[in-house]
Amino acid sequence: MARVSGSAPSRVPIAGGWDSHTCVVDGRWIEREPRRPRVEAGLRTEALLLPWLAPTLPLQVPVPRVVHERPLVVRHRRIRGEPITRLDEVAGRRLGQFLLALHARSVDEAVGLGVPDSDAALAERDGLVHRLRAEVLDLLPSDLVAAGRALLERVASAPVDSLVHADLGPSHLLVHVERLHGVIDWTDAGLGDAALDLSWALHGSSARFAAGVGDAYGVHPSVRARARDWHLVGPWHEVLHGIDTENAAYVQSGLAGAVARLSAVSS
């Protein structure tokens, strides 16, 4: 049924999401409002970056715009599809081609649009690594602390020389008509290590999907090794999120994931 002219738009909240309150408006639009002040910068970066990126990428991405300033609200047209579940080689190749195109975009042009520069990205990463050392490392079992410390040292020395999505996993990859169709949730996008975007695809997906990504992207062994490090440190972020939100369940599940991944490569 068509909405009566002048009536309020329909708004359906989407549950979950660490960073933003999200709802579907009139079935066609996605609106997001930051849950915490620091998330606002990420939403503003999306609104600067994605209109420039979208025409050059082989998969659909949101093209958000700011529709309200106080509180900040950004809106983009809803991208069709559901989160990927079939991790086959064809889908892996499509993602590899997408990441190759994304990582080829000019860092200088992105910074010129207003994306934080490499100094700012390095400072943010240094702050993150400091928190991981101070708040998560000592929560590991004693026999994994040395491996965890070495992991953080490697992550701290990774390059910051590419434009990255920075939170690429199956919940952010949309499939429509049995094809990988879109990539959503760019709140963490900015300058970073290209290997971060390959971490789940190469080390947390299926063997066939990973092979497709690797073949299409042309992954160098050094990038593959850094991607593994980023995959290992992934659950540590969940621990920090649990600490920040005073949610013990996130702390425990993140810690369990960190232990499982480190144990698998340390045995």
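Residue numbers count from 1 along this sequence. None of the values given here were measured: they were computed from a predicted structure. What's counted below: heavy atoms across the whole structure, side chains too, no hydrogens, waters or symmetry copies.
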Quiz item: Would a distance-only check, ignoring hydrogens and angles, find a side-chain to backbone donor-acceptor pair under 3.5 Å from His165 to Ile184?
Solution: yes
Practice problem: Please determine if Arg77 forms a cation-pi arrangement with Trp29, meaning its NZ or CZ atom is less than 6.0 Å from the six-membered ring centre and no more than 45° off the ring axis. | Solution: yes
Self-check item: Exam field: side chain Arg208 to backbone Glu89, donor-acceptor pair closer than 3.5 Å
Solution: no
Exercise. Could you grab the distance from atom CG of Leu144 to atom OG of Ser266, nearest 0.5 Å is fine?
Key: 5.5 Å
Practice problem: Assess the side chains of His103 and Asp197: does a donor N or O sit below 3.5 Å from an acceptor N or O? | Solution: yes
Quiz prompt | NZ/NE/NH1/NH2 to OD/OE distance under 4.0 Å, Arg261 and Asp229 | solution = no
Quiz item: Ion pair present between Glu40 and Arg44, side-chain N to carboxylate O less than 4.0 angstrom?
Solution: yes
Quiz item: Do Arg32 and Thr187 have a side chain donor and acceptor closer than 3.5 Å?
Solution: yes
Quiz item: How long is the span from the CD atom in Glu238 to the CG atom in Leu240, to the nearest 0.5 Å?
Solution: 10.5 Å
Quiz item: For Trp52, is the NZ or CZ atom of Arg105 found under 6.0 angstrom from the centre of its six-membered ring and inside 45 degrees of the ring axis?
Solution: yes
Quiz item: Could you go step by step and tell me if Val160 and Asp193 meet the side-chain contact (heavy atoms from CB on, under 4.5 Å) rule?
Solution: CA-CA 5 Å; Val160 175; Asp193 180 7; over 6 Å; no
Quiz prompt | Close side-chain approach of Leu59 and Arg94, heavy atoms under 4.5 Å | solution = yes
Quiz prompt | side-chain contact (heavy atoms from CB on, under 4.5 Å) between Val183 and Leu168, intermediate numbers included | solution = CA-CA 8 Å; Val183 180; Leu168 203 58; 3.7 Å; yes
Quiz item: Between Thr85 and Val175, does a side-chain contact (heavy atoms from CB on, under 4.5 Å) hold up when you go through it step by step?
Solution: CA-CA 8 Å; Thr85 56; Val175 172; over 6 Å; no
Self-check item: Presence of salt bridge, Arg86 and Glu178, under 4.0 angstrom
Solution: no
Self-check item: Arg75/Glu31 ion pair, N-O < 4.0 Å
Solution: yes
Quiz item: Is the closest basic N to carboxylate O distance between Asp138 and Arg133 below 4.0 Å?
Solution: no
